[in-house]
2 protein chains.
Amino acid sequence: MAAKGRVTIREVAERAGVSVATVSRVLSGNYPVPPATRTRVMRAARALDYVANAHARALVGGGRKMVAVVLRQVTSPFYAQVAEGVEAEAAARGWLCLVGTTGGNPQRELEIVQLMREEGARLVILVGGVVEDDAYRERVAHYAQALDSSGARLVLCGRQAPDPDIPALVVEFDNEAGAHAITGHLLSAGHRGIVFLGGLPGNTALDARVAGYRAALAQHGLPPEAAQVVDCGLGRTAGHRAMAELLVGTREFTAVFAGDDMVAAGALRAIAEAGLRVPDDISVVGYNDIPLAEDFNPPLTTVRTPAEELGRAAVRIALHDPEHAAGAHHVLGTHIVVRDSVAAPPSGRAR
Amino acid sequence: MAAKGRVTIREVAERAGVSVATVSRVLSGNYPVPPATRTRVMRAARALDYVANAHARALVGGGRKMVAVVLRQVTSPFYAQVAEGVEAEAAARGWLCLVGTTGGNPQRELEIVQLMREEGARLVILVGGVVEDDAYRERVAHYAQALDSSGARLVLCGRQAPDPDIPALVVEFDNEAGAHAITGHLLSAGHRGIVFLGGLPGNTALDARVAGYRAALAQHGLPPEAAQVVDCGLGRTAGHRAMAELLVGTREFTAVFAGDDMVAAGALRAIAEAGLRVPDDISVVGYNDIPLAEDFNPPLTTVRTPAEELGRAAVRIALHDPEHAAGAHHVLGTHIVVRDSVAAPPSGRAR
DNA sequence: TTGAAAGCGCTAACAT
DNA sequence: ATGTTAGCGCTTTCAA
């Protein structure tokens, strides 16, 4: 058996009675080797339980197939799905997947991108919306340029490139269209007082949803003042608290459009706690269609954003046509999933 | 600016007018270097936007700090939390985190472990219960031995070591105790007809829960036939379907103990669809206490298994005391979280 | 204080 | 058909 430490190609060569070159050749399989020696080598490798040293391989071969996903957290159902899509697509091509979480900390994001560069990731996928300020723009420009100059590629998933000239691939959903559609759904059901719960000024994804919401309101002939945006941010807890607060006063609304399904979950609970029913008393819609949205009580009407597909698309596009991928902008479609959380406003309250 | 490809230490050395050795020294910072040269080198590195090549570094330095998590999927809230715990604890120590998903496929698991070995992961964490057959036992024994012989470490999270002599660290919850406790909670509320929804014979985690459930029943003086185990496996969908089927016949139960919270989610929906109310008509409890369990309608009474802590503990213990970690077995405590999904059985139905 | 040089494990010419 | 050898980028003796 091997001494301490990993078995190297040399030990395999010795045991098989051949040179390291021969071992390398049969292992990589891209070179004609007589079956006889081939078997000898394989047998030796197996006996020693040899595993190649990926570092040495990468060093000489110019890096290995590895993609890095960096996201705020993996416990958000939406992000988790994106990560799963990335991992699945990568794995299907024999690529490895490194993950890093930032907790929303820009400094940490920078460190992680740096780390991924050191590791030689050929694809760095940044997932999730962010507040887009000058610091952000500068950071992303730097990532893109640095990655690009070393032959790697930056992919922005669900966030925009600060500048179209930046060598980054952008893959995202049309948040504005999705928000517009679902607001329209609420409007069609007769609602006029619709509050948007979960704004986060500066966050590109949320801002776009708010824009879609306002546009839909306007298109239905409502005045700008009809828009009621509560900037409570995302998350179950935020949704719960904000909804609870909304419920104490005189209600100026009959429906709520939650910024995402987690906010909707919190809002639903606050409504139930207030002794009100959905959709009889208040209609609620969400965004993203996380798997559990179907099991909410009542099942949630929401906008389906195929998150796993977003992740898959990110790596597929980036890997398929690397040249074209730089600077490209892909928008994935979304659609409404109608379930049971929307009804006509309670009679007497429709305005 | 750099030519095509990554900037190397040599280019930095040239620009700074020193040797590569000097650059290496200031970069690693573990060697006295005069401030003057130090600054020169730093400036050059910065100007070139140099990032070290982790492969070269690992090659000479004998591997790098990397932990690998392999799990069935990341979109399960429970697994996602474990993964987050692992990543967080690893990151806090400056370690990298590689993830791989198996989709429950043993063959794939084997490939991934192999890959992680090639990458030189110093910790391979296998997460989640599995059906424990002979093939599994053999596989794990091989992983452990192989990893151990190359100085790496195997951690089993939420699954048992097939043999106590195997050099693997086991970190898991006491499933039997948790199940016993929550079954007791149902029993105390007056329920006698309790069905366990989500058995998966051969799966160690589920089997333990079923055992705890049976033990609690027995302890309350109920005959063995009182146990009603539905082996529908895990998942929202399975829970929904199985519950729906259960609801068509004459009900022999007043409460359901779902194998995990996702099963509970599906069951809750099936109950609502049948026009029944929880907990008035049927009480429901889950397992794991995923974040969304609090937002279920009604909020779910369940067993809290601190998943993120499980992940953190796995790396903490493995890294803290490597010697002792081999063959160690850590059991993390769980406790019941009482919310609103349990009530006394409807009068006239309590037996 | 700094440089030269020897590898780390592997692959890919280049020889034989 | 197979062996020899020159690096890949870096760290680390060993010299100077």
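Below, chains carry the letters A, B, ... as their sequence lines are ordered, and counting in each starts from 1.
Close approach of DNA chain C to chain A, defined as any atom under 4.0 Å from a non-hydrogen atom of the protein, starts and stops at C:dG9 to C:dA13. When DNA chain D is scanned 5' to 3' for any atom under 4.0 Å from a heavy atom of chain B, the first and last hits are D:dG9 to D:dT13.
Residue contacts for A:Thr8: at a heavy-atom cut-off of 4.0 Å it reaches the sugar-phosphate backbone alone, with no base atom in range.
Formation of a donor-acceptor pair under 3.5 Å by the B:Gln81 side chain with backbone atoms of B:Ala307 is not found in this model. For the pair A:Glu11 (side chain) and A:Leu48 (backbone), a donor-acceptor distance under 3.5 Å is absent. Checked by atom type and distance alone, the side chain of B:Arg40 pairs as donor or acceptor with a backbone atom of B:Ala16 at under 3.5 Å.
Contact check on B:Arg137 versus B:Glu132 returns a salt bridge, with a Lys/Arg side-chain nitrogen under 4.0 Å from an Asp/Glu carboxylate oxygen. Between A:Arg108 and A:Glu111 there is a salt bridge, since a side-chain N of the basic residue sits under 4.0 Å from a carboxylate O of the acidic one.
Here B:Asp133 pairs with B:Val131, B:Ala135, B:Tyr136 under the side chain to side chain contact (heavy atoms under 4.5 Å, CB included) rule; sequence neighbours left out.
Counting heavy-atom neighbours within 6.0 Å of A:Glu138 CD, excluding the residue itself, gives a total of 12 or less.
B:Thr204 and B:Gln160 form no side-chain donor-acceptor contact under 3.5 Å, judged by distance and modelled atom types alone. Residues B:Thr101 and A:Glu87 have side chains that bring a donor and an acceptor to within less than 3.5 angstrom of each other.
Near DNA chain D, defined here as any heavy-atom distance below 4.0 Å, the residues from residues 25-44 of chain A are A:Arg25, A:Tyr31, A:Pro34, A:Thr37, listed numerically. Looking at residues 53-67 of chain A, you'll see A:Leu59, A:Val60 sit with a heavy atom under 4.0 Å from some atom of DNA chain D.
Taking CD of A:Glu109 as the reference point, atom CG of A:Leu71 lies at 10.5 Å (rounded to 0.5 Å).
For the pair A:Leu96/A:Leu98, no side-chain contact is recorded, criterion being any heavy-atom separation below 4.5 Å from C-beta on.
Applying the side-chain hydrogen bond (donor to acceptor under 3.5 Å, both in side chains) rule to pairs touching residues 117-128 of chain B yields A:Asp49-B:Arg117, A:Arg64-B:Glu119, sequence neighbours excluded.
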